[in-house]
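Each residue takes its place number in the sequence, starting with 1.
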Amino acid sequence: MRSDQPDEWKQLAEVSRDDGAIVRLSERIALDYWEQLKTNYNKYEVYKNGKLIELHEDTIQVRWFYEFEFELMLQAAEFKDIAFTYVQADRAYMMVSARK
């Protein structure tokens, strides 16, 4: 499964600054399941009196590894006593300890 084209822009937040300007944060996401790569496209827009006065965009890429893949990489780098501890019950986050 491959989704090289990012989703539509989704607004994540909108806040008002002390000077009356409105700041909007939006994102689009592209997932490449084969490469295990998530790309976030972020857009920060600043509006004053209904007019766009600033625009900042950035891109963040995150590659994910499954436990067995990460363990194989650590073993290949000659780590020993590899242990995985899950921080949340849904296995969304894990801690890894190993000895070189």
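- V96 and M73 fall within the same hydrophobic cluster, where Ile, Leu, Val, Met, Phe, Trp and Tyr residues are linked whenever their side-chain heavy atoms come under 4.5 Å apart, directly or through other members.
- For the side chain to side chain contact (heavy atoms under 4.5 Å, CB included) test, residues two or more places apart in sequence or in another chain that qualify with L12 are L25, E27.
- Within the model, atoms CH2 of W64 and NZ of K38 stand 9.0 Å from one another, a figure rounded to the nearest 0.5 Å.
- Rounding to the nearest 0.5 Å gives a distance of 6.0 Å between CD of E35 and CZ of R63.
- One distance of note links CG of N40 with CD of Q61; it measures 9.5 Å at 0.5 Å rounding.
- Atom CG of D19 has more than 12 neighbouring heavy atoms from other residues, nucleotides or ligands inside a 6.0 Å radius.
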Give the intermediate values and the outcome of side-chain contact (heavy atoms from CB on, under 4.5 Å) for residues I60 and N42.
CA-CA 8 Å; I60 299 171; N42 301 308; 3.6 Å; yes
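- Within 6.0 Å of atom OH in Y47, more than 12 heavy atoms from other residues, nucleotides or ligands are found, so the atom counts as buried in its surroundings.
- The shortest heavy-atom contact between L55 and K43 is CD1-CG, 3.5 Å.
- With K10 contributing its side chain and I29 its backbone, the two residues share no donor-acceptor pair below 3.5 Å.
- Considering OH of Y86 and CE of M95, their distance stands at 12.0 Å, rounded to 0.5 Å.
- I53 and V23 fall within the same hydrophobic cluster, where Ile, Leu, Val, Met, Phe, Trp and Tyr residues are linked whenever their side-chain heavy atoms come under 4.5 Å apart, directly or through other members.
- Smallest separation of non-hydrogen atoms from E67 and M94: CA-CE, 4.3 Å.
- D81 pairs by the side-chain hydrogen bond (donor to acceptor under 3.5 Å, both in side chains) definition with R99, not counting sequence neighbours.
- Annotation: the span from W9 atom CH2 to E45 atom CD amounts to 8.0 Å, rounded to 0.5 Å.
- If you run side-chain contact (heavy atoms from CB on, under 4.5 Å) between E71 and each of Y66, F84, F79, F65, only F84 comes through.
- Between A77 and K100 the shortest heavy-atom distance is O-NZ, 2.6 Å.
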